Protein chains: 2
Amino acid sequence: MRLVVARCQVDYAGRLSAHLPMATRVLMIKADGSVLVHSDGGSYKPLNWMSPPCKVTEGVTEDGQVEWLVTSRASGKGPADTLRILLEEIHSDSEHDLGIDPGLQKDGVEKHLQELLADHPASLGTGLTLVRREFPTPIGPVDLMCRDANGESVAVEIKRRGEIDGVEQLTRYLELLNRDPLLTAKGAVRGIFAAQEIKPQAKVLATDRGIQCVTVDYDALRGMDDPTERLF
Amino acid sequence: MRLVVARCQVDYAGRLSAHLPMATRVLMIKADGSVLVHSDGGSYKPLNWMSPPCKVTEGVTEDGQVEWLVTSRASGKGPADTLRILLEEIHSDSEHDLGIDPGLQKDGVEKHLQELLADHPASLGTGLTLVRREFPTPIGPVDLMCRDANGESVAVEIKRRGEIDGVEQLTRYLELLNRDPLLTAKGAVRGIFAAQEIKPQAKVLATDRGIQCVTVDYDALRGMDDPTERLF
DNA sequence: CTATTCATTTCGTGC
DNA sequence: GCACGAAGTGAATAG
């Protein structure tokens, strides 16, 4: 990774034409040749950039200014994109060996939702209390097993996006759970299908099978915990 | 703008939870407080970031490591986002005054399309030749004035996206142009509505008024020129 | 493999 | 100021 701070002018020709007047900016050249032109504001998006794979050719103009010509190696289809950077004054130029990044771990929303709902089962329905998370069945664990105010068992399936297969899954669980006399002592085990967003098809299928759908407000749930506690 | 190259670990909690294991990365802190965590690959998108407005608090952990806590000043709605960066080893740390950026100039596709079509009028219709660009009328210039193989005049209106108002515009031009005996000597001036993409409504209106619609292949047109010539 | 959907989307535009 | 659509969208997921 090469980092250059310089007064520069940028011209891009590709899907569109764009021009950046002469000003001081940060230029980031990544190991794959991709180039990012950042200013001191805006969002994470650079003012201009060139996506990999591409190649940077460093040259000098007639009047002695440094010029970078970045060309994308677009394979075949259409003319190649070009990014031309004219460097008037270089304030800083450094090279850094970063190595290969292990990459981002997204601690899935589904898992996090399960934790939050396990802490606040009543948000799925008044009077609900948690029996246990990952309640085992012969075909896999049910996300949450709860009990309602009447002592009836409630199996909860949690998804980020509720689709048909999630309803099918919960249906299979319910089928098995309802064979257990211990769970059905106070009445049949009923199901709750909880998700941030439930697709209409899934809602229809669930309703048809007597499964209750609950749309979960992730933000509101998170708000019940102290934000600083949520790190790690 | 502050640039830091450091071995670091990043934890984010906001709309989702995410974690970046310890590795060497580039940290960019912009003047508005926004923070970007970049690795040496991927696209222009950082591995993780915090959008402005936000605040960076630098602290030290129990074991003497530098810790940055970036918090968004999300006004009211929901819990604030937090980005925690633990710095194990700092390779470089520099501050740069970039000033205010004049910003990106998108030299509209429309203008570029006009230049390209002026160079290749036959791509709008066989036998078409250019009379002149920006052909003047009392209510403004027509993008292109052409002549077809029969010597008839053809007025061309160019848009990036063809919508109803563009058709209206061309209609007004045609109305005026058809009062000019010089232009109508070989027959009435006809219109061509050219755009990268033409909305169905605009297509219906144009057809109704006897205006021909041409969907322009921007990439193909650009390919007719030498890509290196297209800068500036 | 392609096609569709999602995004910590960001960014502009019209109302 | 807010709702809606486009993006040089890119990335993940379904089919």
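As a basis for the values below, the full set of heavy atoms in this structure was taken, side chains included, without hydrogen atoms, waters or symmetry mates. As the structure is a computational prediction, the values presented were derived from the model and not from experiment. By convention in this document, chain letters (A, B, ...) are assigned in the order of the sequence lines, proteins followed by strands, and residues within each chain are numbered from 1.
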Query raised in the report: Is it true that R84(B) and D11(B) have a side-chain N and a carboxylate O under 4.0 angstrom from each other?
Result: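 Looking at R84(B) and D11(B), the cut-off is met.
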
Query - NZ/NE/NH1/NH2 to OD/OE distance under 4.0 Å, E168(B) and K159(B) - result: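 Looking at E168(B) and K159(B), the cut-off is not met.
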
Given atom [atom1] of [X] and atom [atom2] of [N], what is their separation to the nearest angstrom?
| X | N | atom1 | atom2 | answer |
| --- | --- | --- | --- | --- |
| L104(B) | dT9(D) | CG | C1' | 15 Å |
| D81(A) | dA7(D) | CG | C1' | 14 Å |
| R160(A) | dA11(D) | CZ | P | 17 Å |
| H38(A) | dT10(C) | NE2 | P | 14 Å |
| Q105(A) | dA12(D) | CD | P | 14 Å |
| K30(A) | dG10(D) | NZ | P | 13 Å |

Requested in this report: Measure the acute angle between the ring planes of Y44(B) and W49(A), then classify it against the limits of 30° and 60° as parallel, tilted or perpendicular.
Outcome: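 Correct class here is tilted.
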
Query raised in the report: Contact class for S51(B) (heavy atom, under 4.0 Å): base, sugar-phosphate, or nothing?
Result: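 The residue S51(B) makes sugar-phosphate contact but no base contact.
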
Report task. Report which part of the nucleic acid M50(A) touches: base, sugar-phosphate, or nothing (heavy-atom distance under 4.0 Å, all strands). Result ->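 Base contact - M50(A) has a heavy atom under 4.0 Å of at least one base atom.
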
Query - Residue mapping more 5' on DNA chain D - nearest nucleotide basis, L16(A) or D165(A) - result: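 Checking each residue's closest nucleotide, the 5'-ward one belongs to L16(A).
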
Query raised in the report: Taking atom types as modelled and ignoring hydrogens, do the side chains of H19(A) and S17(A) form a donor-acceptor contact shorter than 3.5 angstrom?
Result: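 Side chains of H19(A) and S17(A): no pair found under 3.5 Å.
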
Query raised in the report: Can you tell me if R209(A) and T171(A) form a side-chain donor-acceptor pair at under 3.5 Å?
Result: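 There is such a pair (donor and acceptor under 3.5 Å, judged by atom type) between the side chains of R209(A) and T171(A).
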
Query raised in the report: Donor-acceptor pair, S39(B) side chain versus D101(A) backbone, under 3.5 Å?
Result: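 No: the side chain of S39(B) does not pair with the backbone of D101(A).
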
Quick one: which protein N/O atoms are closer than 3.5 Å to N/O atoms of nucleotides 11-15 of chain C? Pair and distance per line, please.
unit_1  : atom_1 : unit_2 : atom_2 : d
dC11(C) : OP1    : S43(A) : OG     : 2.8
dC11(C) : OP2    : S43(A) : OG     : 3.4

